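Step one of this worksheet: look at the structure below.
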Amino acid sequence: MIDLRALRDDFEAVAAALTRRGVDRAELERLAEQDARRRALIVEGDQLRSQRKQAGKAIGQASSPEERERLIAQTKEASTRLSEVEAEQAQIEADLDAALAHLPNLPHPDAPDGHDEDDAVPVRWFGTAPQHTAPARDHVELGEALGILDLQRAAKIAGTRNALLRGPAVWLELGLVRYALDYLDARGHTPVIPPVLVREHALYGTGFLPGSAEEIYHVPADDKYLVGTSEVPLAAMHDDEILDSADLPLRYAGFSTNFRREAGAHGRDTRGLMRVHQFDKVEMFSFTTAEQSDDEHERLTTMQVELLEGLGLHGRVVDIAVGDLGASAQRKYDCEVWLPGQERYRELTSCSNCTDYQARRLRCRHRAHPEEDTALVHTLNGTACAVGRTIAALLETHQRADGTVAVPETLVPYVGLDVLTPPA
RNA sequence: GGUGGAGUCGCAUAGCCUGGCCUAGUGCGCCGCACUCGAAAUGCGGUAGGGGCUUUCGCCCCUCGUGGGUUCGAAUCCCACCUCCACCGCCA
């Protein structure tokens with residue numbers, strides 16, 4: 001949620017920033033008008049309540065029954081008017097909240113213009129491009145040939161866009177998770193395994209609701225939701241808390257299974273591990289002060305690159321265009337890895353600075369001393385390892401002409417294997 | 001799933017039956033001041049969050065789990081819901 005006060009006090013700046021993201025200026029003007037009306041109602045309501053309070057005291061101390069009746073009649077009028085004012089205020093606040101809930105975050109001034117992934121601007125490259133003598137095979141072909149990926153049976157059990165890993169792929173998955181968690185733990189990110197079936201509030205607080213409802217699995221019997229990323233429970237950990245500024249940045253590494261309906265993705269990535277309804281992921285999450293968040297964004301992005309480089313993958317970091325940002329993000333970097341089987345760069349990880357947008361909804365604040373005012377924290381999230389996509393990239397990158405796939409050196413101790421070999 | 005209990009200003013509690021001197025008391029914690037060479041102890045004062053108004057100083061309103069209701073007036077009465085705890089049953 002954006003700051004309504006900023007919209008009031010600095011309308012032109014907010015309007016300029018949000019129109020970059022495609023928000024209609026007229027809508028913002030309407031919001032500003034509603035805000036003014038709301039405040040006028042607050043003033044009137046406060047006055048009426050104040051009157052009523054005074055009168056109520058006088059009634060309690062009335063000297064005679066006649067005096068008492070007279071005062072009661074007077075107060076009745078104020079109460080009637082107050083109920084009208086309160087009704088109008090409630091209505092306008094409901095409208096305002098609904099409209100605000102749909103507004104995206106103000107973009108970073110340096111985030112590039114544009115509408116979709118093609119407008120993203122590459123900012124750096126990492127690793128070296130793999131050289132294959134034979135034409136590269138894609139991860140589905142490789143996984144099936146190695147006997148570690150069974151998509152037919154996954155579909156039989158659960159429908160399309162599901163995967164079944166078996167044998168060495170399981171060690172690969174668990175090794176990747178431990179590799180990422182070890183890396184993060186050593187850098188101050190506390191490992192967390194959070195709940196993945198959560199209340200609506202957690203999704204609202206992180207900005208996924210009401211905007212992305214069609215992407216989220218809902219369990220109506222209990223009115224709960226399966227999260228699409230552990231960003232959701234990690235952010236909600238400090239819902240309605242006032243953190244000690246000295247404890248910031250507060251850093252976590254969440255591991256969870258993630259569920260996504262992929263409602264708008266018909267026809268895209270229908271094969272393999274790139275886009276499935278259920279996948280495991282290690283996620284980084286940081287709570288920082290407003291002053292720290294830009295640096296923390298760079299820090300998380302750097303760690304993402306190191307994690308991918310450590311796996312011998314080649315790719316680039318792109319600065320996502322404002323029109324392609326998620327609602328909560330002020331700026332987002334994606335790490336795109338070269339997939340030899342597809343002959344293109346594909347997003348493997350992604351890192352967003354959400355500034356105070358989630359914190360305002362979550363009422364997550366910090367302060368240094370009891371006598372100071374509170375300030376909203378900034379929240380940031382980034383993928384450390386999206387396991388399915390990473391396995392795809394590893395298979396395609398490290399495949400060899402003889403049909404085997406090398407396990408990168410850093411991963412060998414975690415996986416317990418140095419090569420994946422087709423069954424005899 | 002069943003039964004019972006409980007949600008009050010950081011923590012612990014009083015207040016609710018009997019609505020109005022509740023501007024929510026008390027203890028602990030915390031901050032400041034005094035005393036002290038310093039500290040402890042002691043004394044005094046302060047100590048929530050949010051919103052609005054205001055050039056300033058300040059002032060006002062809301063929040064006693066949440067939302068409704070009754071009433072001139074609700075922490076207090078009524079209804080619904082949420083959450084937590086205990087025990088029983090079932091269960092990895």
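Hydrogens, waters and symmetry mates are skipped; everything else that's a heavy atom, side chains included, is used. A, B, ... follow the sequence lines: proteins, then strands. Residue 1 opens every chain. Just so it is clear, the model here is predicted, and its values are computed rather than measured.
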Determine whether a donor-acceptor pair (N or O, by modelled atom type, separation under 3.5 Å) exists between the side chain of [X] and the backbone of [Y].
X       : Y       : value
R49(A)  : S79(A)  : no
R20(A)  : A111(A) : yes
S212(A) : L209(A) : no
D324(A) : I320(A) : no

Could you tell me the Watson-Crick or G-U partner of [N], where both distances fall under 3.5 Å? Say none if there is no partner.
N       : value
rU42(B) : rA34(B)
rG1(B)  : rC88(B)
rG7(B)  : rC82(B)
rC17(B) : none
rU26(B) : rA12(B)
rU76(B) : none

Between [M] and [N] - [atom1] atom distance, rounded Å:
N       : M       : atom1 : answer
rA86(B) : rA12(B) : P     : 15 Å
rC11(B) : rU70(B) : P     : 34 Å
rU76(B) : rC21(B) : C1'   : 16 Å
rC59(B) : rA41(B) : P     : 35 Å
rC9(B)  : rG49(B) : C1'   : 9 Å
rG19(B) : rC90(B) : P     : 47 Å
rA6(B)  : rU66(B) : C1'   : 16 Å
rA24(B) : rU63(B) : C1'   : 13 Å

Checklist entry - Within the structure shown, what part of the strands sits under 4.0 Å from R365(A) by heavy-atom distance: base, sugar-phosphate, or nothing? => result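 Sugar-phosphate, backbone atoms only, no base.
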Item to check | Verdict with reasoning, V305(A) to V317(A), per side-chain contact (heavy atoms from CB on, under 4.5 Å) | outcome: CA-CA 8 Å; V305(A) 169; V317(A) 180; 3.6 Å; yes
Taking only side-chain nitrogens and oxygens of [X], does any of them come within less than 4.0 Å of OP1 or OP2 of [N]?
X      : N       : answer
R52(A) : rC61(B) : no
R8(A)  : rG52(B) : yes
R39(A) : rC53(B) : yes

Nearest-Å distance, [atom1] ([X]) to [atom2] ([N])?
X       : N       : atom1 : atom2 : answer
E69(A)  : rG20(B) : CD    : P     : 19 Å
E241(A) : rA48(B) : CD    : C1'   : 16 Å
L243(A) : rG49(B) : CG    : P     : 14 Å
D223(A) : rC82(B) : CG    : C1'   : 12 Å
R49(A)  : rG51(B) : CZ    : P     : 16 Å
D240(A) : rU63(B) : CG    : C1'   : 12 Å
D3(A)   : rG51(B) : CG    : C1'   : 13 Å
I242(A) : rG10(B) : CD1   : P     : 10 Å

Check every atom of [options] against the side chain of [X] and return the nucleotide holding the closest atom.
X       : options                   : value
S50(A)  : rC61(B), rG49(B), rC84(B) : rC61(B)
R367(A) : rC61(B), rG49(B), rC72(B) : rG49(B)
K53(A)  : rG52(B), rG73(B), rC61(B) : rC61(B)
K76(A)  : rC72(B), rG50(B), rC84(B) : rC72(B)
R199(A) : rG52(B), rG50(B), rC84(B) : rC84(B)
S79(A)  : rG52(B), rC62(B), rG73(B) : rG73(B)

Checklist entry - Nearest nucleotide by nearest heavy atom, which residue falls closer to the 5' end of RNA chain B, Q51(A) or D35(A)? => result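 Per heavy-atom nearest nucleotide, the more 5' residue is D35(A).
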Next on the checklist: Assess, by modelled atom type and distance only, whether the side chains of S352(A) and N381(A) contain a donor and an acceptor separated by less than 3.5 Å.
Outcome noted: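 Note: S352(A) and N381(A) side chains miss the donor-acceptor criterion.
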Item to check | Given H398(A), E396(A), R400(A), H139(A), the one that forms side chain to side chain contact (heavy atoms under 4.5 Å, CB included) with V405(A) | outcome: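 When side chain to side chain contact (heavy atoms under 4.5 Å, CB included) is applied between V405(A) and each of H398(A), E396(A), R400(A), H139(A), only H398(A) qualifies.
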Checklist entry - Can the ring centres of F287(A) and H378(A) be said to be less than 6.0 Å apart? => result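 No: the rings miss the under 6.0 Å criterion.
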Next on the checklist: Please confirm whether the ring centroid of Y252(A) lies under 6.0 Å from the ring centroid of H189(A).
Outcome noted: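 They do not qualify: ring centres at least 6.0 Å apart.
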Item to check | Verdict with supporting geometry, Q342(A) and R346(A), side chain to side chain donor-acceptor pair (under 3.5 Å) | outcome: CA-CA 9 Å; Q342(A) 296 190 10; R346(A) 293 298 312 270; 3.1 Å; yes
Checklist entry - Which residues within residues 93-105 of chain A lie with some heavy atom under 4.0 Å of an atom in RNA chain B? => result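 Listed by number, there are none.
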